[in-house]
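Chain letters run A, B, ... following the sequence lines, proteins first, then strands; residues in each count from 1.
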There are 2 protein chains.
Amino acid sequence: MNSSRPVTIKDIARRFRCSPSTVSRALNDHPAINEDTRKNIQEYAKEVGYQRNEVSLSLLNKKTASLGVVVPTISNYYETAVIEGLHTVLQPMGYTLNICVTNESYLLEKESLSKLLSNRTEGIFLSVSQETYDAGYYEHLENVIQRKTPLIFIDREYEDFETSRATVDDYHGAFAAVEHLISIGYKQIAHLKGPNGLTVSEQRFKGYINCLKKHNMPIREDLILNTNFNVESAILPTKRLLELASPPDAIFGVNDQVAIGAMRVAKDKGLRIPQDIGLVGFDNSPISAYTFPSLTTVHRPGRKIGMEASRLFLNQLNGSGDFAPESIVLPSELVIRESSLRI
Amino acid sequence: MNSSRPVTIKDIARRFRCSPSTVSRALNDHPAINEDTRKNIQEYAKEVGYQRNEVSLSLLNKKTASLGVVVPTISNYYETAVIEGLHTVLQPMGYTLNICVTNESYLLEKESLSKLLSNRTEGIFLSVSQETYDAGYYEHLENVIQRKTPLIFIDREYEDFETSRATVDDYHGAFAAVEHLISIGYKQIAHLKGPNGLTVSEQRFKGYINCLKKHNMPIREDLILNTNFNVESAILPTKRLLELASPPDAIFGVNDQVAIGAMRVAKDKGLRIPQDIGLVGFDNSPISAYTFPSLTTVHRPGRKIGMEASRLFLNQLNGSGDFAPESIVLPSELVIRESSLRI
DNA sequence: GAAATTTTTTCAAACGTTTGCATTCAATAT
DNA sequence: ATATTGAATGCAAACGTTTGAAAAAATTTC
């Protein structure tokens, strides 16, 4: 039947026995086009549902108006908040976001980046996968840099790389969280740490350690256990903590998920929160305000990070040749709720 | 300095004093190319970081290998699960996903679709925005249909539209949830409903109503209140429910978020769950297993929906001309946990 | 050594659009 | 009547790649 091939400018030109140039100009309201011609062509175009082929334009102008977002996962609150922030700024400017999920795999990350470059994506927002980080690979990034495609790190980053980045001040957030626990009077503060090596994990860990040091509190290795950012991964470590001969009287979780897992285990054991054990998370995810008791946490402005990252991208894009990478570090903010408010 | 314009086939051709065709064939391991030529060209290409311009290929082959995903939001567990499912199937096949967030706005939805069509996206996965649904607009969809771009509905849909769709059996899930509450012995079951009009809301509501009817239980209008799918929106309605002269002894929330909001309010009031009040949610989000008490809920296989939707898309793409839309309805499954297990 | 064959390379068109420049045609000025 | 203007349109190239067919070069055959 009708083969449903999209209508092109040439089709319209044939119909009006004129040249493609005329049609193009008519559709773009070029002044040097007869008023009637313009009207007729525009009407007809609308009628047949003409929609211009942006692919050809991309080729012509070397502008694709598409951006890549490469993240390890999209099932966490923070990641989606960042993406929403990117969207907020960039969608209205006509940019399209290509989301690539790497599932913490180096290979997928490498392939995603290569694909994005092949597609002539105009900028890339990257939060490196854990595997990439562990292995310390970065040749796949050299490629991006060489192409001078703006590369913006969000969340997880390589510290010694000459690019812009927008991150949250994890260190001081963690520091504040632990200091808050200390100020309340908790003495044995455990830390459910994130995976080793990742900046996020290490910065929060460092905040935890340095705060304890500052207050001359002993650092007990047995109160520091690893998790994997999700609820499940907090269950066993928390059980181990609470079965210690000298168990902690407070736990600082690397994020809200982990803290909620810990909360669950503590309650199962019959502990009262915050009387018997204090809890603090990190992220200020929506749910944290509605757990029982509500969770003290550190606000991590994901949307803002997304918006700032957009800004960094735009700066780099419009910047003159001698571009200097910018680093934005947004402050995190302690949000005190019930889970730590022992009186 | 070096203008960093990406290396093209023509550049390489110039370098070897041969034609672009030869370079193209060499790079693609075409048999009719001299072994030496091939090797030299491939080596050089690697050296200078040649990466073929997929945009030009898209234009030539009328294939973009990119798909659109248009959703109201990405900050819910379910949506991200669906997207992950789409990714799982389609990323390995070389497809790129363009995520468009409509923020429940008709205008944004319309613009997103138009943009996707202009970009010659090869398929669109759509969960319509609330505004679109309320207004009953659908001309923007006609456009997609007319172009014969495969359109797959996920989650929220128009029922009288001739397209494929992958959805979850909300009705029976809700029915099972309420029947479970009844079987436990709850008598006054409230429902925190989703926004009116959306299929998801209405199907779950219908399941609730029909189950009550089946068991000859009275339907009390005052036990049915609206929410907006998120935690906050459940707070006030729940308070109102619990302040009734004859308050409910169980609440069926339209999703986990809402149920968790209700849980929080109930606990604040000093009610014991499930003894004083039973609670059931919907979605089986990761957190629901770790609330205290853990939340009885209905599993909604988001990942699977994404994967099924991918399948539907591929079917339609490879299908012969006489394409018949398919409807996949995945079963939902009651997950019984503590919040409803009054003994 | 020429013809036939095989291998290798080039040509040209195509995808859809825009745009500087040239061209056409009609109207106005001289 | 002719030159001059101005408006409207057409031409052709460009973006980067692939591909069937033609051409050229190398090799084999007699």
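- For CD of A:E35, the number of neighbouring non-hydrogen atoms (other residues, nucleotides, ligands) closer than 6.0 Å is greater than 12.
- Side-chain to base pairing of B:S21 with C:dC11: one donor and one acceptor N or O lie within less than 3.5 Å of each other.
- Between B:N34 and the phosphate of C:dT8, there is a side-chain N or O to OP1/OP2 separation shorter than 4.0 Å.
- Residue-to-nucleotide contacts include a donor-acceptor pair under 3.5 Å from the side chain of A:R25 to the base of D:dG10.
- Here A:Y44 pairs with A:F16 under the ring-ring contact (aromatic ring centres under 6.0 Å, His included) rule; sequence neighbours left out.
- Side-chain atoms of B:R5 and base atoms of D:dG16 include no donor and acceptor less than 3.5 Å apart.
- Each of D:dG10, C:dT17, D:dT17 was ranked by its minimum atom distance to the side chain of B:K10; first place goes to D:dT17.
- Backbone-only engagement by B:I9 is indicated by non-hydrogen atom pairs under 4.0 Å involving sugar-phosphate atoms exclusively.
- A salt bridge links B:D11 and B:R14; the closest N-O separation between the charged side-chain nitrogens and carboxylate oxygens is under 4.0 Å.
- OP1 or OP2 of C:dG16 sits under 4.0 Å from a side-chain N or O of B:K62.
- Side-chain to base pairing of B:S58 with C:dC15: no donor and acceptor N or O lie closer than 3.5 Å to each other.
- Salt-bridge annotation for A:E122 and A:R120: absent, with no side-chain N of the basic residue lying under 4.0 Å from a carboxylate O of the acidic one.
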